[in-house]
Protein chains: 2
Amino acid sequence: MPINSFVDYPMSWRPERRELERPVYLSLARMLERDITEGFLPPGTKLPPQRELADFLDINFTTVTRAYKTCELKGLLHAVTGSGTFVSTNAVRSVTISRDRVPVECIDFGLVASFEQSNFMVTEAVRKVSARAGLEQFLNYDNPDGIPHQKEAALRWMRPLGITANADQVAIVSGAQNALTVTLLALFEPGSRIAVDEHTYSNFIELAKSLRIKLIPVPGDRSGMLPEELEACCRSTDVQGIFLMPSCCNPTAIFMPNERRRELASVIARHDLIVIEDDIHAALLQGTTAEDGLPVREMLPERTVYICSTTKSICSGIRLAYIVFDDTMRERMLRSIYHVNVKTSSLDAEIVSELIVSGRADDIVAYKKSLAKSANDLFAEYFPQPDDPGHPLSFFRWLRLPKPVHASRFESDLLARGVRVFHSDRFLVGTGSREQHLRVALSSTGSLDELRRGLEILRSSL
Amino acid sequence: MPINSFVDYPMSWRPERRELERPVYLSLARMLERDITEGFLPPGTKLPPQRELADFLDINFTTVTRAYKTCELKGLLHAVTGSGTFVSTNAVRSVTISRDRVPVECIDFGLVASFEQSNFMVTEAVRKVSARAGLEQFLNYDNPDGIPHQKEAALRWMRPLGITANADQVAIVSGAQNALTVTLLALFEPGSRIAVDEHTYSNFIELAKSLRIKLIPVPGDRSGMLPEELEACCRSTDVQGIFLMPSCCNPTAIFMPNERRRELASVIARHDLIVIEDDIHAALLQGTTAEDGLPVREMLPERTVYICSTTKSICSGIRLAYIVFDDTMRERMLRSIYHVNVKTSSLDAEIVSELIVSGRADDIVAYKKSLAKSANDLFAEYFPQPDDPGHPLSFFRWLRLPKPVHASRFESDLLARGVRVFHSDRFLVGTGSREQHLRVALSSTGSLDELRRGLEILRSSL
DNA sequence: GCATTTGTCGGTATACATTTG
DNA sequence: GCAAATGTATACCGACAAATG
């Protein structure tokens with residue numbers, strides 16, 4: 001029998017005792033999931049403590065633990081020892097970002113594309129490659145991790161970014177997201193924990209969710225994640241890895257100074273973490289800041305998986321990324337590549353290699369940089385943010401909202417006015433931070449004029 | 001204190017009591033994993049019953065359960081209620097099959113390639129596509145699940161195979177293995193169970209292992225999986241899905257008659273399973289048996305994910321597969337595609353579409369069929385198996401071994417003689433069956449002559 | 001800075017289902 | 001067909017750790 005009467009106590013969730021069936025923990029989890037998805041328990045709601053709910057339902061409190069845990073692994077909840085259990089911000093909807101089913105007529109500040117205006121140069125490379133003799137070497141099962149000369153091109157591409165590696169430490173996969181999937185499957189297991197920025201790449205959040213890998217948000221400042229916070233986080237729980245985008249964090253655009261990278265590296269080494277370093281924007285930012293970013297991979301080569309996608313810097317439709325890893329990870333990484341992809345199209349890899357070797361890729365990067373410059377300048381006209389810590393050439397900006405808004409309603413209101421943009425909640429790991437932002441992609445509009453029209457609408461909406 | 005003295009009893013595994021640390025179940029699992037990988041516990045060994053080992057170690061028997069379960073999810077063990085717990089056949093080594101690091105000089109009967117001799121026709125299509133105007137539509141982020149006209153080509157390709165679907169029920173991904181990854185991630189969770197043939201596609205086994213999805217072997221006869229066995233299996237445990245390759249099961253080459261498909265479908269519907277139907281060989285087998293296979297997807301459209309890869313039938317290097325699913329799965333499948341791939345190269349999709357629409361794909365299939373016919377005829381000369389239940393045009397044969405051999409030693413002996421071939425144990429789910437086989441791929445040798453030389457070596461080795 | 005609140009983890013108890021002989 | 005052997009599932013207990021005030 002319950003000891004207390006709960007009639008007078010307010011309890012944020014009061015499931016029907018009679019609805020409980022055996023197994024209790026499963027039916028409880030089902031009820032909870034239902035009440036969250038149906039909106040009875042809005043995001044941020046603090047659920048009753050395990051012991052209190054258990055008492056109310058007259059069951060053991062660890063049975064509630066189990067029900068909560070089931071929902072937590074689905075990403076519906078977020079629990080903190082000492083504070084309580086809360087409904088996740090992104091519990092109800094998926095935050096997956098894609099260009100699937102966007103209204104045709106909208107101005108897209110949502111998905112971060114890559115200034116597709118430069119694709120005519122890629123077309124040339126496609127024609128050049130396909131005119132060659134010996135095309136058939138690209139049409140078979142051989143070289144699942146890349147043809148040797150393609151890996152050479154990869155190394156050549158990454159050398160200016162500060163990567164020193166040999167051909168056995170590189171593999172070719174199908175874009176950064178694919179690289180993340182491969183890496184998570186190769187080196188982590190369900191239940192593993194990975195430290196991330198409080199706001200991080202939303203598709204990584206979703207991927208981790210589906211692999212049942214737990215992301216632990218670590219606070220940061222204007223230079224990125226805070227080493228002492230990472231230290232605290234590693235002390236408190238068993239963390240196996242860390243995900244970083246030091247050159248330009250998506251969504252905050254923060255460029256992490258080398259000093260900060262070194263401090264983090266020392267914490268990482270001390271706690272034996274595996275680093276996933278996503279350097280997707282590196283090539284686009286080289287030579288534009290006071291110092292060029294030194295990859296964390298070079299500080300910790302034996303524990304880092306470095307991902308260098310060419311989809312942002314060269315061409316988004318030719319799905320390609322290079323992964324650099326240590327010899328000790330090679331076996332696991334190659335096997336994982338095989339399980340997820342078998343191989344990446346050698347034809348696609350060849351097109352990118354051709355662009356790199358011919359030097360045309362550098363032209364593309366230079367062109368995209370100039371487009372990024374113009375777009376950022378225009379953005380600054382509309383939204384001057386003098387203290388913006390983001391990288392000046394970023395393909396997206398992190399715009400602080402003057403007053404709190406309802407995230408998904410705000411997004412859909414703007415969409416109704418013809419602009420797609422994403423609220424910071426989409427990128428949030430766990431429960432809320434005080435400040436709200438918008439991520440405004442500048443690289444998906446076809447022209448400066450379209451960008452201007454979009455910014456106009458955006459400004460008038462704030 | 002243990003009640004019995006175990007000094008006289010033979011117990012297959014006697015871990016050191018003193019080595020146990022807390023948490024007990026984890027250190028026990030580690031010791032078990034170590035003793036398996038180091039070969040002290042060879043495949044097939046029956047481990048001590050949970051209660052007996054617990055008594056020996058003076059711990060609760062469910063703690064042993066947990067240690068065993070940990071290893072089981074890693075694919076090291078295989079437990080059957082009533083019978084006991086056994087070390088898996090493929091516990092130690094990975095059975096992943098790839099063309100990575102095969103000795104250059106060997107005759108490959110291992111990996112099932114796809115008679116790459118027809119690739120000159122694909123080269124033509126590459127050139128044709130790249131010469132077209134408007135190539136840039138293939139170089140951006142749009143249409144992550146396929147451009148509409150490419151999906152039309154997909155439907156056109158699958159219509160002769162018996163598939164009726166609409167464009168919203170199709171998506172384009174990067175080959176069958178990639179389709180399997182996407183599907184498992186979209187529709188299953190760690191701990192889910194999927195029924196499979198006792199011998200099944202080894203890369204599917206490895207993928208399931210890495211996703212912690214449990215495969216339940218279901219016995220079959222010469223027509224494939226037995227409905228009554230599936231029924232029994234579903235009754236006994238909570239099974240969520242079933243994986244089938246009805247047109248030509250890899251590795252057994254069994255073609256499942258429509259009658260059997262219908263019987264299985266009724267069991268599947270009764271137990272509410274999700275079907276993953278891998279029809280990778282369908283196009284290559286049409287019109288060669290008394291009746292054409294009717295896809296299970298057509299019998300159970302609302303619960304089937306149908307995978308039709310073009311890597312075997314058209315070209316292996318252009319990584320492409322079509323997935324057909326029900327409207328109710330659409331959201332989850334698209335999201336999963338986005339998480340794993342973002343998108344599949346539209347250029348690659350276009351090349352295959354071009355081959356399909358121009359009719360050239362049919363020529364390729366016809367050519368591959370003729371090559372398969374010759375190869376199978378040659379194989380029959382060397383290894384007449386009058387009662388072979390396999391499909392006559394299969395790209396690989398399931399060769400019964402006259403006497404038992406040591407699986408991995410046999411493989412490496414043959415490799416030393418210049419032939420790579422795989423023993424049936426690689427394809428085995430759980431623990432052993434009585435009969436041993438070899439899977440002999442006929443589609444990876446460059447010529448009939450090379451095939452003949454390989455078969456010669458193989459015959460002399462048996 | 002310590003007590004309280006709250007979540008986490010590992011081990012245990014019990015009921016049950018299946019296989020085997 | 002029944003009893004014994006054996007694995008599975010779920011609830012519960014207690015020690016512990018982190019956050020809060």
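Numbered from 1 within each chain, the chains take letters A, B, ... in sequence-line order. Being a predicted model, the structure only gives us computed values, none of them experimental.
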Distance-only donor-acceptor pairs under 3.5 Å for side chains of residues 25-32 of chain B, two or more places apart:
unit_1, atom_1, unit_2, atom_2, d
B:Ser27, OG, B:Glu21, N, 3.2
B:Ser27, OG, B:Glu21, O, 3.1
B:Ser27, OG, B:Val24, O, 3.2

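In this structure, the CD1 atom of A:Ile59 is 8 Å from the P atom of D:dA11, given to the nearest Å. In this entry the distance linking CG of A:Leu53 with C1' of D:dC12 reads 16 Å, nearest Å. A:Glu231 places its CD atom 13 Å from the P atom of D:dA18, with the value rounded to the nearest Å. Rounding to whole angstrom units, CG of residue B:Asn60 and C1' of D:dA9 are separated by 14 Å. Rounded to whole angstrom, the span from the CD atom of B:Glu21 across to the C1' atom of C:dC9 amounts to 17 Å. Distance B:Ile216 CD1 to D:dT8 P: 10 Å, rounded to the nearest Å. What separates CZ of B:Arg30 from C1' of C:dG10 is a distance of 14 Å, to the nearest Å. Atoms CZ (A:Phe86) and P (D:dT20) sit 9 Å apart, rounded to a whole Å.
For A:Ala269, the side chain to side chain contact (heavy atoms under 4.5 Å, CB included) partners two or more places apart in sequence, or in a different chain, are A:Leu300, A:Arg303. Every residue meeting the side chain to side chain contact (heavy atoms under 4.5 Å, CB included) condition with B:Phe61, not counting sequence neighbours, appears here in chain and number order: B:Gln50, B:Arg51, B:Ala54, B:Thr65. A:Phe243 meets the ring pair (Phe, Tyr, Trp, His ring centres under 6.0 Å) test with A:Phe204; sequence neighbours excluded. With sequence neighbours excluded, no residue satisfies side chain to side chain donor-acceptor pair (under 3.5 Å) with A:Arg332. Remark: A:Ser83 engages A:Val80, A:Phe86 in a side chain to side chain contact (heavy atoms under 4.5 Å, CB included) (not counting sequence neighbours). Here A:Glu229 pairs with A:Val218, A:Pro219, A:Leu226 under the side chain to side chain contact (heavy atoms under 4.5 Å, CB included) rule; sequence neighbours left out.
In this structure, the side chain of A:Thr37 engages the main chain of A:Glu33 through a donor-acceptor pair within 3.5 Å. Listed for the B:Thr70 side chain is a donor-acceptor partner under 3.5 Å among the backbone atoms of B:Arg66.
Across D:dG14, D:dA9, D:dA11, the shortest atom-to-atom separation from the side chain of A:Thr62 is found for D:dG14. Distance from the side chain of A:Tyr25 is smallest to D:dT10 among D:dA9, C:dG11, D:dT10.
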Might you list the N or O atoms of the protein lying below 3.5 Å from N or O atoms in nucleotides 3-7 of chain C, with each pair's distance?
unit_1, atom_1, unit_2, atom_2, d
C:dT6, O2, A:Gly82, N, 3.4
C:dG7, OP1, A:Thr85, N, 3.2
C:dG7, OP1, A:Thr85, OG1, 2.9
C:dG7, OP2, A:Gln50, N, 2.7
C:dG7, N7, A:Arg51, NH1, 2.7
C:dG7, O6, A:Arg51, NH2, 2.6

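Note on A:Thr63: a side-chain N or O is less than 4.0 Å away from OP1 or OP2 of D:dC12.
Rounded to 10 degrees, the angle separating the terminal axes of the helix from C:dC2-D:dG21 to C:dG21-D:dC2 is 0°, with each axis obtained from five end pairs.
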